[in-house]
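In what follows, chains are A, B, ... by sequence order, proteins preceding strands, each numbered from 1.
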Protein chains: 2
Amino acid sequence: MDKRPTMSDVARLAGVHKATASRALNPATSGQVNPATARRILAVAKQLGYTPNTTARSLRTSRTLTVGVLIPDLTNPLFPPIVRGIENVLFPRGYTALVANTDNDAEREAAHFDTLLGRQVDGFILATGRRTHPLVQSAHDRGIATVLVNRGTDPPMFPLVTGDDTAGITAVVDHLAELGHRRIAHLAGPVTLSTGHARTKAYLNAVAAHGIPPSVVETSTYSAPAGFDAMRKVLDAADPLPTAVVAANDLIALGALRAIRAHGLSCPDDISLTGFNDMPFLDELSPPLTSVRVPQYELGTESARLLLEQMDGGPAVAKTLTLPVRLVLRGSTAPPSR
Amino acid sequence: MDKRPTMSDVARLAGVHKATASRALNPATSGQVNPATARRILAVAKQLGYTPNTTARSLRTSRTLTVGVLIPDLTNPLFPPIVRGIENVLFPRGYTALVANTDNDAEREAAHFDTLLGRQVDGFILATGRRTHPLVQSAHDRGIATVLVNRGTDPPMFPLVTGDDTAGITAVVDHLAELGHRRIAHLAGPVTLSTGHARTKAYLNAVAAHGIPPSVVETSTYSAPAGFDAMRKVLDAADPLPTAVVAANDLIALGALRAIRAHGLSCPDDISLTGFNDMPFLDELSPPLTSVRVPQYELGTESARLLLEQMDGGPAVAKTLTLPVRLVLRGSTAPPSR
DNA sequence: TCGTTGACTGCAACCGGTTGCATTCGCGGC
DNA sequence: GCCGCGAATGCAACCGGTTGCAGTCAACGA
């Protein structure tokens, strides 16, 4: 009601100077004060329901115990697990995550970045996966601890945590080739995004290894409508049609599935289809979608851990941590019928 | 690199006192300074790349321009749209949301609440929908602006924004009754949660209106596994089996669907099934799930607006804002076969 | 006995802004 | 020509902690 008790209040009631109270209340310095005094101060604090004012502390220490997390879009099912992973590692260490959605828009991204800078975040986790060079450069110039998720930068400046896109796509193509497919198309993600680029490259290498001619259609965004459009292009143009389609992610695969049906074809009877990311509930689709499971939660926890290392004073080594992915076979892939 | 320039730096270079710089830089008080002086100060500020230190400002003004958002679990597809709605309203007003996941755990919830209090948030949006009475009471006692989403408290203390659960469930039951169903079971959400309670009550009223005997199995959580277990209970115990099942939300419906199949039955041929919330991709299920669309994004925007009202000094009127829902018919409901 | 040491505590500056009040100054009115 | 007034700016306290330094005091060794 009135106001929250301050440290001075506690000190006064305990009959000590506020400096002593400060030391007693801070576990790192409580060894400096007489145990009996400390006990008394703690008792008063508890009785008053005292909680320290983080703002004041931050002003003096210039550490806010906050980190900025930039992601494209929380409603994309890929990101919530990452965010939870981050939070679950940071919270026990006293950090709070400030999550901002960029919608893959450079302006929004810059606005959020500046806001977060103004809030004196101690570090950044950038999971936007887009050409974040200006931001990354800016973070680097200011010496702000930063970790990247999914996409690195060309002269590497900060640690990167990523799923093994190459291994995932290779496993998918191998699987399809083993089933007997010889015409395998790829619905690529936007090449402006790191994952789009990496997966396309992996696809090209993998089909080449099997002596299969490449066939790539790029989508405008990682979304179902974009997948629908791209798939329609394939269906309209290709002759003969591919017997299998490797989508760059699950949403694109969903859109492709709709297009396949709209074209009077069936999956997997006419065309096998694979996704990427293994987002929730793919099991329940008809047919259940074969996909590549990316350990999203672990991407979050590992990136948070790397960030903590840096904020604890470790150097910003631009190492890359690649987490293994796993091919999840389901009903959307089958041997070619013709 | 070195350090960020402070307001004193700006003032020194502009040849004024930092108080003048402060007034010039703050749009609300810039009228107090000579336009020419102000221009000069702004020029210096821009040249230096000055950005105000939010922490220092907050300490003095005791407003942090942050709000705490408590939700159960970000990976539940219900919440990301709500959070985005909140952010999209708050960000243009300069506010940043601190999102915390409680996992429906009282201890975690309290821990996050205290942390956020320590961070001096200016307000709370509580979307936990659980018995948050202690937190709500605490917020009320301290006079902190608060808005509830989904669940109110018994002596109403704060505004509440909610979807129209009653109308949604009623529409579902009406629809099933119209199709000719006379044995309609309900897989209820946990009664400890407001939505579970409200939807069960709505179900009971609705079936009574149709002269249909009620049949309720409560689930332990709003999850697919819990839905699976509950549905199995229904399948094992009920004789004759229900011809339609109203699940309290989509996840429960998904679990129920698995149980129905595991029992050798088919949906909707043997049993019609409905969900609630209309989470993404229900369209793609087999069969596509009939559900009730809740305007989640709008729940977020409206709650944020109500919170802004309070933080702008408005009274904390405990009004309830009920947003309309819409029944979305899909393939999982059909007339009973027998 | 006295100086030394170490444990404990107090003092006061400091972090970077904001803001009530005082001061200065120019100008118009009487 | 003097007074009063308002605009513009400076001064300094303040927000609530943290921390280097200094002071106090008792125990200990020589």
**Student:** Taking the minimum atom-to-atom distance to the side chain of A:Arg23, which one of D:dG20, C:dC8, C:dA12 wins?
**Tutor:**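 The nucleotide sitting nearest to the side chain is D:dG20.
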**Student:** Could you tell me the separation between the CD atom of B:Gln32 and the P atom of D:dT9, rounded to a whole number of Å?
**Tutor:** 11 Å
**Student:** Less than 4.5 Å apart, side chain to side chain, heavy atoms only: is that true for A:Arg119 and A:Thr66?
**Tutor:** no
**Student:** Does A:Arg60 place a side-chain N or O at less than 4.0 Å from the phosphate oxygens OP1/OP2 of C:dC14?
**Tutor:** no
**Student:** Rounded to whole angstrom units, what separation is found between the CG atom of A:Leu59 and the P atom of C:dG17?
**Tutor:**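 So the CG-P distance, A:Leu59 to C:dG17, works out to 9 Å.
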**Student:** In whole Å, what is the span from the CG atom of A:Leu25 to the P atom of C:dT9?
**Tutor:**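 My rounded result for the distance is 14 Å.
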**Student:** Hey, does the side-chain of A:Lys18 have a donor or acceptor N/O within less than 3.5 Å of a partner on the base of D:dG17?
**Tutor:** yes
**Student:** Can any side-chain N or O of B:Asp105 pair as donor or acceptor with the backbone N or O of B:Glu107 at less than 3.5 Å?
**Tutor:**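 The answer is yes, because a donor-acceptor pair under 3.5 Å joins these two groups.
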**Student:** Of the candidate nucleotides D:dT18, C:dT9, D:dT9, which contains the atom at the shortest distance from the side chain of B:Thr20?
**Tutor:**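 Comparing D:dT18, C:dT9, D:dT9 against the side chain of B:Thr20, the answer is D:dT9.
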**Student:** Tell me whether B:Asp312 is salt-bridged to B:Arg93, with the criterion being a basic N under 4.0 Å from an acidic carboxylate O.
**Tutor:** yes
**Student:** Between A:Arg63 (CZ) and C:dC15 (P), how many Å, whole number?
**Tutor:** 18 Å
**Student:** Can you check the B:Asn34 CG to D:dG10 C1' distance for me, whole Å?
**Tutor:**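 Atom CG in B:Asn34 sits about 15 Å away from atom C1' in D:dG10.
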**Student:** Rounded to the Å, how far apart are B:Tyr50 OH and C:dG16 P?
**Tutor:** 10 Å
**Student:** With a 4.0 Å cutoff (strictly under), does any side-chain N or O of A:Thr61 reach OP1 or OP2 of D:dG17?
**Tutor:** no
**Student:** If each of B:Asn53 and A:Val33 is mapped to the nucleotide of DNA chain C with the nearest heavy atom, which maps nearer the 5' terminus, i.e. the 5' end?
**Tutor:** A:Val33
**Student:** Output the single nucleotide from D:dT18, D:dG10, C:dT9 whose closest atom is nearest the side chain of A:Met7.
**Tutor:** D:dT18
**Student:** Compare all side-chain heavy atoms of B:Glu309 with those of B:Val147 and state whether any distance is below 4.5 angstrom.
**Tutor:**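 Heavy-atom side-chain distance check fails, nothing below 4.5 Å.
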**Student:** Think B:Ser22 has a side-chain N or O under 4.0 angstrom from the OP1 or OP2 of C:dG17?
**Tutor:** no
**Student:** Could you please name the option among D:dA8, D:dG17, D:dC11 that lies closest to any side-chain atom of B:His17?
**Tutor:**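 The nucleotide sitting nearest to the side chain is D:dC11.
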**Student:** Between P on D:dG17 and CZ on A:Arg12, what's the gap in Å once rounded to a whole number?
**Tutor:**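 Rounded to whole Å, this separation is 12 Å.
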**Student:** Rounded to the Å, how far apart are A:Ile41 CD1 and D:dG17 C1'?
**Tutor:**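 My rounded result for the distance is 14 Å.
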**Student:** Is A:Thr37 touching bases, backbone alone, or none of the nucleic acid, heavy atoms closer than 4.0 Å?
**Tutor:**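 Since only primed, P, OP1 and OP2 atoms lie under 4.0 Å of A:Thr37, the category is sugar-phosphate.
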**Student:** So that I can tick it off, tell me whether A:Arg305 and A:Glu302 are bridged by a salt bridge, with the cut-off set at under 4.0 angstrom between side-chain N and carboxylate O.
**Tutor:** yes
**Student:** So which nucleotide from C:dT19, D:dT9, C:dT18 ends up closest to the side chain of B:Ala19?
**Tutor:**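 The answer is C:dT19, which lies nearest to the side chain.
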